[in-house]
Asks: 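Please find one structure pasted underneath; my questions will follow.
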Amino acid sequence: MKAYGYTSADAAPELIEQPNPVPTGRDLLIEIEAIAVNPVDTKVKAGIKKRLDTPKVIGWDACGTVIAAGGDCELFKIGDKVFYAGDISRPGCYASHQLVDERIVGFAPHTLTATEAAAMPLTSITAWEALFSRMKIHPNVDINKTLLIVGAAGGVGSIAIQLAKKVVDLNVVATASRSESADWCLELGADHIINHHNLAAEYQQLGIAKPDYILCLGDTDSYFDTLAELVAPQGMICFVVTSQQNHNIDVLKTKSAGLVWEFMFTRPMFKTADITAQHQLLNRIAEMLDEGLLRCTLRQTFGAINADTIHQAHQQLLSGTTLGKIALTAIKN
């Protein structure tokens, strides 16, 4: 197999060549056809604090074909087309082949190309878990309640808008600071657009009730105080970005408001009892894509996986102006 890995945060990715790994237990060996890049990639790369003897392979979004399976596998067979985000504690998908636990893998959508499918797993899992597992939004109970999404035009926000509308029919308020971002959020189904640079005032100008649910995809420290003030009594706030500061959660007490975290790698990292939920929800996402209920959020493809395209994709992510997702095609032989 071939892969691209990092020996330090400042180095370019290096090409690695080694024999294909052999799957055991519940692992599948996937031949990768396309991958997508995510902000977590750049964060993990930046977190390499000392030079590594063995390059670290990152990347957590892929689509490919099952070419081998461990003896305990029961969900897939050789030749199945699959898509998945993987496990941050294991080698990533900047590679030609990858081992992945079958319980966090889904059947790829039939109507999407491999490149389009690769753009969907991580953001779909994150958005689905944030809305339905963490904030406990219920499709048959919470219709017409209000969801505020901070940073809605990026990868997770792009799918969260759609899930909120298609699964629950929430009233969705999305934040966007550029006309291009605002237009994208409206295309995906957002009901209102406000500018996150003056969040509290802009929300108040809408003339609607305080948000029942808030999904913050931006910097937690920058928004904590504002969102604690904005959230409705008995509402829920979900953060995804690690906080660097201490915050007074007592400000939520009189509202009986809740605060939760979403980290989509929790289930695979800790092998939770419900780990197979990611297999199930990816299959549901694939069905919704095939039925036309969800729209693929791929916006840019930079070519085959190599040092140059990886760097180009990372620079785009770091610019803070990315709409939807960025994908790369398979490593060339």
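Starting from 1, each residue takes its place in the sequence as its number. In what follows, every heavy atom counts, from backbone to side chain, and hydrogens, waters and symmetry copies are set aside.
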Asks: Do side-chain atoms of D290 reach the backbone of H110 as a donor and acceptor pair under 3.5 angstrom?
Replies: yes
Asks: Decide yes or no on side-chain contact (heavy atoms from CB on, under 4.5 Å) for D142 and D212, but give the supporting numbers first.
Replies: CA-CA 9 Å; D142 296 318; D212 303 284; over 6 Å; no
Asks: Can you name the closest pair of heavy atoms from W60 and R90 and give their distance?
Replies: NE1-O, 4.0 Å
Asks: Look at the side-chain heavy atoms of Ile, Leu, Val, Met, Phe, Trp and Tyr, link any pair under 4.5 Å apart, and say whether M236 and V168 land in one connected group.
Replies: yes
Asks: Rounded to the nearest 0.5 Å, what separation is found between the CZ atom of R295 and the CG atom of L188?
Replies: 5.5 Å
Asks: How many angstroms lie between CG in L75 and CG in L28, if you round to the nearest 0.5 Å?
Replies: 8.0 Å
Asks: Between T146 and P211 (side chain of the first, backbone of the second, donor and acceptor by atom type, cut-off under 3.5 Å), is there such a pair?
Replies: no
Asks: Around atom NZ of K255, are there more than 12 heavy atoms from other residues, nucleotides or ligands closer than 6.0 Å?
Replies: yes
Asks: Is there a continuous path of hydrophobic side-chain contacts, each under 4.5 Å between heavy atoms, that joins V167 to L131?
Replies: yes
Asks: Please report the shortest heavy-atom distance between I193 and A176, naming the atom on each side.
Replies: CG2-CB, 4.1 Å
Asks: Within the structure provided, determine whether E33 and K81 are in side-chain contact (heavy-atom separation under 4.5 Å).
Replies: yes
Asks: Go through the steps for I67 and H97 under the test side-chain contact (heavy atoms from CB on, under 4.5 Å), then give the verdict.
Replies: CA-CA 9 Å; I67 62 170; H97 298 78; 3.5 Å; yes
Asks: Got a sec: does the NZ of K210 have more than 12 other heavy atoms crowding it under 6.0 Å?
Replies: yes
Asks: Among the clusters formed by ILVMFWY side chains lying less than 4.5 Å apart, do W261 and L148 turn up in the same one?
Replies: yes
Asks: Take a 6.0 Å sphere around CD of Q204 and say whether it holds more than 12 heavy atoms from other residues, nucleotides or ligands.
Replies: no
Asks: Report yes or no: does K45 contribute a side-chain atom to a donor-acceptor pair with the main-chain N or O of A9 at less than 3.5 Å?
Replies: yes
Asks: Would you find more than 12 non-hydrogen atoms of other residues, nucleotides or ligands less than 6.0 Å from Q234 atom CD?
Replies: no
Asks: Taking C-beta and beyond as the side chain, do R178 and L323 meet within less than 4.5 Å on heavy atoms?
Replies: yes
Asks: Quick check on the 6.0 Å ring-centre criterion: do Y4 and H311 meet it?
Replies: no
Asks: Can you hop from V231 to V172 via hydrophobic side chains spaced under 4.5 Å?
Replies: no
Asks: Using every non-hydrogen atom in the two residues, find where I161 and A174 come nearest and quote the distance to one decimal.
Replies: CD1-CB, 4.3 Å
Asks: Is it the case that D221 and S243 place a side-chain donor and acceptor less than 3.5 Å from each other?
Replies: yes
Asks: How are the rings of H196 and Y223 set to each other: parallel, tilted or perpendicular (split at 30° and 60°)?
Replies: perpendicular
Asks: Let's go through R26 and E74 carefully: what are the C-alpha distance in whole Å and the side-chain angles of both, what is the deciding distance for side-chain contact (heavy atoms from CB on, under 4.5 Å) to 0.1 Å, and is it a yes or a no?
Replies: CA-CA 8 Å; R26 299 297 296 268; E74 55 189 33; 3.8 Å; yes
Asks: Do the side chains of Q245 and F224 get nearer than 4.5 Å, heavy atoms only?
Replies: no
Asks: So if I apply the side chain to side chain contact (heavy atoms under 4.5 Å, CB included) rule between S124 and each of L294, I285, T297, which one comes out positive?
Replies: I285
Asks: Using 0.5 Å steps for rounding, measure from the CD1 atom of I104 to the CD atom of Q280.
Replies: 13.5 Å
Asks: F107 vs F76 aromatic rings, parallel, tilted or perpendicular, using cut-offs 30° and 60°?
Replies: tilted
Asks: Which distance, rounded to the nearest 0.5 Å, do you find between the CG of L328 and the CD of Q300?
Replies: 10.5 Å
Asks: Are any of the side-chain heavy atoms of L227 and L199 separated by less than 4.5 Å?
Replies: yes
Asks: Would I125 and M269 show up in the same hydrophobic cluster when neighbours are defined by side-chain heavy atoms closer than 4.5 Å?
Replies: yes
Asks: Strictly distance-based, threshold 3.5 Å: is any side-chain N or O of N306 a donor or acceptor partner for the main-chain N or O of T309?
Replies: yes
Asks: Short question: side chain of T276, backbone of R103 - any donor-acceptor pair under 3.5 Å?
Replies: no
Asks: Decide yes or no for R267 and S133: does some side-chain heavy atom of the first lie under 4.5 Å from some side-chain heavy atom of the second?
Replies: yes
Asks: Evaluate Q316 against T322 for side-chain hydrogen bond (donor to acceptor under 3.5 Å, both in side chains), listing each step before the verdict.
Replies: CA-CA 7 Å; Q316 175 60 47; T322 304; 3.2 Å; yes
Asks: Within the side chain of H279, is there an N or O that forms a donor-acceptor pair under 3.5 Å with the backbone of V105?
Replies: yes
Asks: SG/C296 to CD/E116 distance, rounded to the nearest 0.5 angstrom?
Replies: 5.0 Å
Asks: By the definition side chain to side chain contact (heavy atoms under 4.5 Å, CB included), identify the one residue from V40, I48, T42 that meets it with V44.
Replies: V40
Asks: Side chains of L29 and P21: closer than 4.5 Å at any heavy-atom pair?
Replies: yes
Asks: Can you tell whether the side chains of K165 and D191 come within less than 4.0 Å, N to carboxylate O?
Replies: yes
Asks: When you look at T7 and R51, which way does the side-chain hydrogen bond (donor to acceptor under 3.5 Å, both in side chains) test go after all the steps?
Replies: CA-CA 5 Å; T7 54; R51 187 167 184 84; 3.2 Å; yes
Asks: Take atom CD1 of I249 as the centre, draw a 6.0 Å sphere, and report whether it contains more than 12 heavy atoms from other residues, nucleotides or ligands.
Replies: no
Asks: Report yes or no: do D10 and S8 form a side-chain donor-acceptor pair below 3.5 Å?
Replies: no
Asks: A quick test of your reading: do over 12 heavy atoms of other residues, nucleotides or ligands sit less than 6.0 Å from CG of N246?
Replies: no
Asks: Taking the side chain as every heavy atom from C-beta outward, state whether L317 and V37 have any atom pair closer than 4.5 Å.
Replies: yes
Asks: Quick one: closest heavy-atom pair of L163 and F132, and the distance?
Replies: O-CZ, 4.3 Å
Asks: Can a cation-pi geometry be assigned to R284 and W128, taking NZ or CZ under 6.0 Å from the six-membered ring centre and within 45° of the ring axis?
Replies: no
Asks: How close do C73 and E102 get, counting heavy atoms only, and between which atoms?
Replies: CA-OE2, 3.3 Å
Asks: Would you indicate whether the side-chain heavy atoms of L217 and V150 approach each other to under 4.5 Å?
Replies: no
Asks: Do the side chain of T126 and the main chain of L122 share a donor and acceptor less than 3.5 angstrom apart?
Replies: yes
Asks: So, taking the atom named CG in L147 and the one named CD1 in I214, what distance separates them when rounded to the nearest 0.5 Å?
Replies: 9.0 Å
Asks: Give a yes or no on whether the backbone of A153 and the side-chain of S158 come within a donor-acceptor separation of less than 3.5 Å.
Replies: yes
Asks: Give the minimum heavy-atom separation between P55 and E14, together with the two atoms involved.
Replies: CG-OE1, 4.0 Å
Asks: Would I137 and K145 satisfy side-chain contact (heavy atoms from CB on, under 4.5 Å), going step by step from the backbone distance to the final call?
Replies: CA-CA 10 Å; I137 300 173; K145 288 187 177 181; over 6 Å; no
Asks: Any side-chain to backbone donor/acceptor pair from D183 onto E180? Under 3.5 Å, distance only.
Replies: no
Asks: Side chain of Q98, backbone of P91: donor and acceptor closer than 3.5 Å?
Replies: yes
Asks: Starting from the C-alpha separation in whole Å, work towards a yes-or-no answer on salt bridge (Lys or Arg N to Asp or Glu O under 4.0 Å) for D61 and K325.
Replies: CA-CA 11 Å; D61 248 343; K325 294 295 295 291; 2.7 Å; yes
